[in-house]
Amino acid sequence: MTDQEFVARVKRMGCRLCKRLGHRAEGPSDAHHIRVGVGGAERQHDYLAIPLCKEHHQGKTGIHGSDRGLWRLLKVDELDLLADTIKELSGR
Ligand SMILES: [Zn+2]
Ligand SMILES: [Zn+2]
């Protein structure tokens with residue numbers, strides 16, 4: 001599997017935050033490359049991408065948004081959602 005194929009596969013998955021909220025989470029989603037370990041304009045590995053819906057990616061309550069209350073409430077960060085993603089990709 002190439003990096004591009006992996007990202008395409010992540011995008012076919014449902015949003016990991018919606019899933020944590022108990023919502024029906026179906027793709028296609030955006031692939032958010034987690035920011036842990038990379039500075040400013042540096043590019044993250046494609047294998048460190050998580051599927052997020054438009055709202056939970058670029059929206060107000062999203063990972064790049066200004067209102068992070070939901071993330072605090074659920075006590076999740078992008079690493080938790082990366083673990084969820086890996087778990088699902090492992091067929092668990
Ligand atoms: Zn979502
Ligand atoms: Zn992103």
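Every heavy atom of this structure was used, including side-chain atoms; hydrogens, water molecules and symmetry mates were not. Values in this document were obtained by computation on a predicted structure and should not be read as measured data. By convention here, the first residue in the shown sequence is residue 1. Order of appearance sets the numbers: ligands from 1, and atoms from 1 within every ligand.
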TODO: Return the set of protein N, O or S atoms whose distance to the Zn ion (ligand 2) is under 2.8 Å, each given as residue and atom.
DONE: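 Metal shell, protein only: H32 ND1, H57 NE2, H64 NE2.
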
- [ ] State, yes or no, whether a side-chain contact exists between L21 and L70 at a heavy-atom distance under 4.5 Å.
- [x] yes

Task: Non-hydrogen side-chain atoms of C18 and R24 separated by less than 4.5 Å - done: no

TODO: Measuring from the Zn ion (ligand 1), name the closest N, O or S atom belonging to H56.
DONE: ND1

- [ ] Ignoring hydrogens and angles, tell me if any N or O in the side chain of Q44 forms a donor-acceptor pair with the backbone of G37 under 3.5 Å.
- [x] no

Open item on the list: I'd like to know if the side chain of H32 pairs up with that of H56 as donor and acceptor (distance under 3.5 Å, no hydrogens or angles considered).
Closed with: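 No.
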
Task: W71 and L81: CA distance, side-chain angles, deciding distance, side-chain contact (heavy atoms from CB on, under 4.5 Å) verdict - done: CA-CA 11 Å; W71 297 76; L81 300 188; 3.5 Å; yes

Task: Carboxylate-amine/guanidinium contact K19 E88, below 4.0 Å - done: yes

- [ ] Can you establish whether the number of heavy atoms outside H45 located under 6.0 Å from its atom NE2 is more than 12?
- [x] no

TODO: Report yes or no: does H23 have an N/O/S atom closer than 2.8 Å to the Zn ion (ligand 1)?
DONE: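 Given the 2.8 Å cut-off, H23 does not count as a ligand of the Zn ion (ligand 1).
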
TODO: Mind reading off the angle at the Zn ion (ligand 1) between the SG atom of C15 and the SG atom of C18, rounded to 10°?
DONE: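 Once rounded, the angle between the two atoms at the Zn ion (ligand 1) is 110°.
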
